[in-house]
Structure formats: structure tokens, C-alpha cells
Amino acid sequence: MELIKKGRAYVCSLTAEEMREYRGTLTEPGKDSPDRERPVAENLDLFERMKNGEFEDGACVLRAKIDMSSPNINMRDPVIYRIKKMSHPRTRDTWCIYPMYDFTHGISDALEGVTHSLCTLEFQDHRPLYDWLLDEVSVPCHPQQIEFARMNLNYTVMSKRKLQKLVEKNHVDGWDDPRLPTIAGIRRRGYTPAAIRNFCNIIGVSKKESRIDVGLLENCLREDLNEIAPRVMAVLDTLKVTIENWPEDGKTEELEALNHPQKPEMGTRKIIFSRTVYIEQDDFMENAPKKFFRLAPGREVRLRYAYFITCKDVIKDKDGKVVELVCTYDPATRGGDSPDGRKVKGTLHWVSQEGSVPATVNLYDRLFISEDPEADSDDFTKNLNPESLVRLEGCRVEKSLLNAEPEKAYQFERLGYFCADSKDSSEDHLVFNRTVTLRDTWAKVSQR
RNA sequence: UGGGGCGUCGUCAAGCGGUAAGACACAGGAUUUUGAUUCCUGCAUUCGGAGGUUCGAAUCCUCCCGCCCCAGCCA
């Protein structure tokens with residue numbers, strides 16, 4: 001109203017297509033709308049009737065009267081109010097006009113008393129309009145708009161519109177899907193605030209468009225998690241091991257394990273050893289190369305915090321798949337050290353039949369296979385990683401995890417950092433999410 | 001070919017006229033009951049390019065090159 005009265009805004013009846021033509025192009029100036037000199041009184045009347053719903057959507061708009069020949073297209077009499085006959089959450093159906101973002105932006109900043117209004121690079125061209133509006137409309141102060149580059153991470157998408165598409169097309173299981181870079185998602189995934197703050201500090205703020213390596217984020221995460229996460233043992237892909245020289249009478253033994261090797265103040269816990277234990281399928285290889293420090297026929301390894309065991313026999317099913325190992329243990333190595341000074345190259349994590357409970361584990365990986373999903377295809381959903389979620393059933397975790405608090409970080413030794421899922425995990429059915437893996441030098445070396 | 005931005009290591013990023021920080025990645029090595037952690041060591045004679053100013057330039061000037069954004073009654 002103020003702008004109209006000052007002769008700085010007018011109701012324009014051009015159609016959308018006409019307005020586009022009148023606007024000119026990047027290199028040619030635009031030309032004035034025939035309605036540009038409409039008298040103030042008429043503008044006031046028309047605007048009132050727009051508000052009241054006397055016109056259909058698109059019939060006319062309110063435009064700021066600035067400069068149709070400006071090299072900045074945003075200044076060529078931008079639309080500031082248009083008719084939209086939709087119900088407003090607050091004013092319901094009494095107002096049929098809605099302001100454009102550019103009109104609202106500066107004014108709401110000013111009303112809120114904001115001193116600096118931060119936004120992204122694409123609004124740089126809008127700043128003259130932002131300032132124009134603040135100069136022409138009576139507001140308590142004149143905030144300063146400053147633009148910065150948005151943060152891009154590789155192997156994911158960050159824009160709300162794209163994330164919305166992923167949610168709506170069911171490519172993910174909702175806004176809090178742990179694969180999504182949403183607050184709800186990364187929280188459920190187990191990301192910590194401290195890690196994210198540190199990450200933000202490290203990457204800095206600039207006007208340069210960049211794409212940051214998620215590896216950096218993951219590193220910040222590991223740095224924090226390594227400090228705070230208690231260690232625990234879990235076997236994801238189980239391979240049964242029978243200790244043949246352990247009594248068959250159901251004898252179990254309690255052993256003591258450190259909650260954090262570098263932080264004795266985090267205490268210890270009891271773990272249970274018995275005749276039947278499980279190790280990771282990956283930790284056994286029938287024809288192992290010398291550099292393979294784990295279990296193989298005839299080789300001896302340490303079961304962490306327990307005993308040295310030696311593989312005596314391999315049991316396979318009819319398809320030739322290894323289903324069970326028969327081993328012997330050395331009673332003298334209780335706790336994991338050999339009195340004769342004998343050294344062993346590998347230490348494996350394990351879990352015993354009696355000391356563990358079943359669990360489901362969600363292995364999350366990057367959502368996209370492409371570093372820049374938006375650029376590498378006309379449809380970014382084509383670059384989705386089919387293995388961004390691998391759900392493992394039948395895992396076994398040590399019993400101390402029965403009362404794991406949702407979203408609290410644990411390190412599953414030798415595997416990564418995990419947390420109980422805040423939605424799906426219960427004491428009857430434990431569900432853990434992998435936050436991030438441990439750094440795995442062996443995986444890198446073994447692949448070449 | 002109008003206007004607005006941006007260009008320093010593979011990826012981020014300090015630096016603002018006094019002779020290229022740091023982090024991640026990468027490559028070696030040491031310690032290790034997690035092939036984890038930790039710890040050493042190496043990694044831009046050069047800052048998009050070319051000229052110029054200066055005792056001295058990534059920093060100042062000129063020209064050039066490359067990339068991004070803008071022609072919604074979207075935000």
C-alpha cells in the first residue's frame with residue numbers, strides 16, 4: 001500500500017507470457033508495461049479487489065516500479081504480489097494475494113531486527129532489489145544481505161527439492177532415513193553434534209563453489225566417536241567355531257574386557273566364553289596368503305580378551321561352503337597373552353553362543369554411486385547406490401548391548417561405529433545402524 | 001556478445017606488499033591384544049594465464065582465459 005501510494009508499485013494486467021516478452025532478454029532492455037502509469041487511486045482499488053478475490057488467479061499482479069531497462073533483470077519491475085486463491089494456514093480465505101519471496105525477504109528480516117541476512121550465491125543479483133525494497137518501505141532497520149556458497153558434499157544431494165523427491169518417490173524410508181543428509185537422518189545414523197561442529201570449522205565458509213569430500217566428514221565423525229564410544233564385540237556375518245578341547249558340559253567362563261583401551265577410566269565389562277563361539281566369515285580363509293593375519297587351517301590367532309585358538313578342522317556343507325571350524329584353545333593364554341612369549345599376528349573379535357543375543361544390523365553406505373549425482377545424469381535418481389542399505393539379519397552382539405540406548409555410539413571392534421536405531425530397536429529385537437566404518441587399511445592393501 | 005560472482009596442492013582452506021599455514025587424501029616408517037587409535041616423515045620454488053608497478057607481488061594495475069548464476073505470477 002505504501003509503495004502504491006508513493007507511485008512505486010502498480011497493478012499490471014499483462015499475462016504471464018506478455019510479461020515475459022516485455023521483460024526483454026539478457027542483452028536487450030525490457031519495455032514498460034501499458035499499465036505502468038496507472039493512477040494511484042486505480043491501483044489502490046484494483047489491489048484491494050485482488051486481495052478480496054474479485055479476480056481469478058493470474059488475472060493481474062502488483063509490480064514494483066523500478067527500471068525496465070536495468071541490466072539486472074530482477075530490477076525490471078518485479079512482481080511483488082500475485083493472486084492465489086488458496087487457503088492460508090493463518091488468514092484462511094480472507095486474503096487471496098500472496099507476496100513474492102523477494103518482497104518478503106528483506107521486510108521480514110527488518111521486522112525481526114536482523115543485522116546480517118545470510119543466504120546463498122544465487123541471490124547476489126537480488127541484493128539490489130532487497131536494498132531497494134528496504135529503502136522504499138518503512139521498516140525499523142536496514143539489514144545487510146551477504147551471500148555465501150552453499151555447502152555441497154559429494155555422493156549425496158543437499159537441496160530440499162531433491163531430498164523431497166527421494167522421500168516422495170520412496171527411494172528412502174522418509175525424511176529421517178539414516179542415509180539422508182537431513183538433521184533427523186544423520187541423528188538416527190549416529191552422527192554427533194560435536195563431529196558436525198568440528199567439520200563446519202574445518203571446511204570454513206566462502207563464496208567459492210565447492211564440493212567437499214564426505215571422507216572429511218567421516219573423518220571428523222571417527223575422531224569424535226573414537227573418543228567417546230565404548231568398545232563392544234559383535235559378529236555380523238557369523239561363522240561357528242567349536243572349541244573341541246573345551247568341556248562339553250555347558251561350562252562358561254567370564255572374562256574381563258576393556259571398554260576403551262586408551263581410556264581405563266571408562267572401565268571394564270564381563271564377557272562370556274564357551275565351547276561355541278562365532279567369528280566373522282571374513283576372518284577365515286581356507287587358502288590364505290602369508291599377509292593374511294587371521295584364521296586359516298593350522299594357524300593360531302587370538303580371540304580378543306580370551307584365548308589363543310588354533311584351527312584344526314574345517315567343516316563344509318554339500319556346496320563346499322565353510323559352515324563351521326573346529327579349533328583348540330590354549331588354556332595358558334587366558335586373557336590373551338601367552339606366558340611363553342609366543343606371538344600371534346591376528347586378533348579377532350568374537351562372541352559366544354551363551355554371551356550373545358541376535359540382532360539386525362543396517363549397513364549404510366553412501367546414497368549415490370556418483371560424486372556429483374546431479375551433474376552425471378539428467379535424472380539424479382539414476383545414480384542411486386543400490387547398496388546404500390544392506391540389512392543383515394542373524395547377527396550376534398554381546399549381551400551388554402541388550403540395554404543399548406538409542407543413538408548412543410558404540411564401537412563394534414574391528415568393524416565400525418554403530419548405534420541402536422531410535423525407531424526400530426527394542427529389547428526383543430535389537431536393530432543397530434552403522435554410523436561409519438573404521439578406517440580399513442587392510443581392505444585397501446588387500447585389493448591390490 | 002547485458003549484469004552479477006568465483007579462480008591458492010587430488011579435496012576443502014589460511015594468506016590482505018616482506019618471500020605459500022592447517023585439515024583430509026596420498027606415500028613411507030614406528031608402536032599396538034582392534035590390519036583401529038597414537039606417533040614420526042614426505043607431499044605447491046609457486047598461487048588460472050600474460051604483461052606491468054615495486055628492492056620485493058598470491059596479494060596493487062592492465063589485458064586475457066576458465067567456471068557458476070540471472071530472462072518464475074518458485075524459493
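Numbered from 1 within each chain, the chains take letters A, B, ... in sequence-line order.
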Open item on the list: For Y417(A) together with Y410(A), are the ring centres under 6.0 Å from each other?
Closed with: no
- [ ] Look through every strand shown and name the nucleotide pairing with rU37(B) as Watson-Crick or G-U wobble, where both distances are under 3.5 Å.
- [x] none
Task: Aromatic ring proximity Y81(A)/Y98(A), centre distance under 6.0 Å - done: no
Task: Nucleotide opposite rU31(B) in a Watson-Crick or G-U pair, distances under 3.5 Å - done: none
Task: Close side-chain approach of F199(A) to L153(A), heavy-atom, < 4.5 Å - done: yes
TODO: Produce a footprint string for nucleotides 65-70 of chain B: one letter per nucleotide, 5' end first; B if the base is under 4.0 Å from any protein heavy atom, S if only the sugar-phosphate is, - if neither.
DONE: ---SBB
Task: R211(A) bridged to D372(A) by N-O distance under 4.0 Å - done: yes
Open item on the list: Any salt bridge linking R342(A) with E300(A)? Criterion: basic side-chain nitrogen under 4.0 Å from a carboxylate oxygen.
Closed with: yes
Task: Nearest-Å distance for atom pair CG/C1', residues L153(A) and rC24(B) - done: 13 Å
Task: salt_bridge(E48(A), K51(A)) N-O dist < 4.0 Å - done: yes
Task: Integer-rounded Å distance: rC9(B) P and L216(A) CG - done: 16 Å
Task: Gap between atoms OH and C1', on Y101(A) and rA75(B) respectively (whole Å) - done: 7 Å
TODO: Determine: side-chain N/O of K207(A) to OP1/OP2 of rG4(B), distance under 4.0 Å, yes or no.
DONE: no
Open item on the list: Is it the case that the base of rG35(B) and the side chain of R414(A) share a donor-acceptor contact (distance under 3.5 Å, atom types as modelled)?
Closed with: no
Open item on the list: For a quick check of understanding: with a heavy-atom distance under 4.0 Å over all strands, which category does D337(A) fall into, base, sugar-phosphate or nothing?
Closed with: base
Task: Base-pairing assignment for rA75(B) (Watson-Crick or G-U wobble, both under 3.5 Å) - done: none
Task: Side-chain donor/acceptor contact of E28(A) with base of rA71(B) under 3.5 Å - done: no
TODO: May I ask you to test the I309(A)-L325(A) pair for a side-chain heavy-atom distance under 4.5 Å?
DONE: no
Open item on the list: At 4.0 Å (heavy atoms only), tell me whether F292(A) reaches a base, stays on the sugar-phosphate, or touches nothing.
Closed with: base
Open item on the list: If I take atom CG in residue L217(A) and atom P in nucleotide rU11(B), what distance separates them, rounded to the nearest angstrom?
Closed with: 18 Å
Task: Pairing of D440(A) and K444(A) as salt bridge, 4.0 angstrom limit - done: no
Task: Which residue lies more 5' along RNA chain B, comparing I202(A) with T347(A) via nearest heavy atoms - done: I202(A)
- [ ] State whether the distance check finds a donor on one side and an acceptor on the other, under 3.5 Å, for side chain R231(A) versus base rU34(B).
- [x] yes
- [ ] Verify the contact: side-chain N or O of R127(A) to OP1 or OP2 of rG3(B), cut-off strictly under 4.0 Å; return yes or no.
- [x] no
Open item on the list: Please give the distance between the C1' atoms of rG4(B) and rU11(B) as a whole number of Å.
Closed with: 27 Å
TODO: Rounded off to whole Å, could you give me the CD1-to-C1' distance for the I279(A) and rU34(B) pair?
DONE: 15 Å
Open item on the list: Rounding to an integer number of Å, can you tell me how far Q145(A) CD sits from rG5(B) P?
Closed with: 12 Å
Open item on the list: I'd like to know whether the aromatic ring centres of H105(A) and Y101(A) sit less than 6.0 Å apart in this structure.
Closed with: yes
Task: Aromatic-base stack, W442(A) on rG35(B), cutoff 5.5 Å, angle under 30 - done: yes
- [ ] With a 3.5 angstrom cut-off on both distances, give the Watson-Crick or G-U wobble partner of rU54(B), or none if there isn't one.
- [x] none
Open item on the list: Say we look at rC24(B) and rU34(B): how far apart would their P atoms be, to the nearest angstrom?
Closed with: 22 Å
Task: Contact check, side chains of L14(A) and R63(A), non-hydrogen atoms, under 4.5 Å - done: yes
Open item on the list: Using the rule ring pair (Phe, Tyr, Trp, His ring centres under 6.0 Å), only one of Y364(A), F432(A), F412(A) pairs with F418(A); which is it?
Closed with: F412(A)
TODO: Could you check R20(A) against Q411(A) and say which one's nearest nucleotide on RNA chain B is further toward the 5' end?
DONE: Q411(A)
TODO: Determine the contact category for P128(A): base if any of its heavy atoms lies under 4.0 Å from a base atom, sugar-phosphate if only primed atoms, P, OP1 or OP2 are that close, otherwise nothing.
DONE: nothing
Which atom pairs link the protein and nucleotides 29-31 of chain B when you take only N or O atoms and keep those under 3.5 Å?
none

TODO: Quick one: label G204(A) by what it contacts on the DNA or RNA (base, sugar-phosphate, nothing), any heavy atom closer than 4.0 Å.
DONE: nothing
Open item on the list: Please report the distance, rounded to the nearest Å, between CE in M86(A) and P in rC74(B).
Closed with: 11 Å
Task: Counter-base of rC6(B), judged by Watson-Crick or G-U geometry with both distances under 3.5 Å - done: rG66(B)
Open item on the list: For rG35(B) and K345(A) - does any side-chain N or O of the residue sit under 4.0 Å from the phosphate oxygens OP1/OP2?
Closed with: no
Open item on the list: Whole angstroms only, please: what is the CG-P distance between N152(A) and rU11(B)?
Closed with: 14 Å
Open item on the list: For the C1' atoms, the ones on rC43(B) and on rA27(B), what distance do you get once it is rounded to whole angstrom?
Closed with: 8 Å
TODO: Would you please classify the geometry between the F368(A) ring and the F380(A) ring as parallel, tilted or perpendicular, with 30° and 60° separating the classes?
DONE: tilted
Open item on the list: When the P atoms of rU53(B) and rA14(B) are compared, how many Å lie between them, rounded to an integer?
Closed with: 32 Å
Task: Integer angstrom distance from the P of rU31(B) to that of rA25(B) - done: 22 Å
Open item on the list: Quick check on rA25(B): is either OP1 or OP2 less than 4.0 Å from any side-chain nitrogen or oxygen of R439(A)?
Closed with: yes
Open item on the list: With rounding to the closest Å, how many angstrom separate the C1' atoms on rU46(B) and rA20(B)?
Closed with: 7 Å
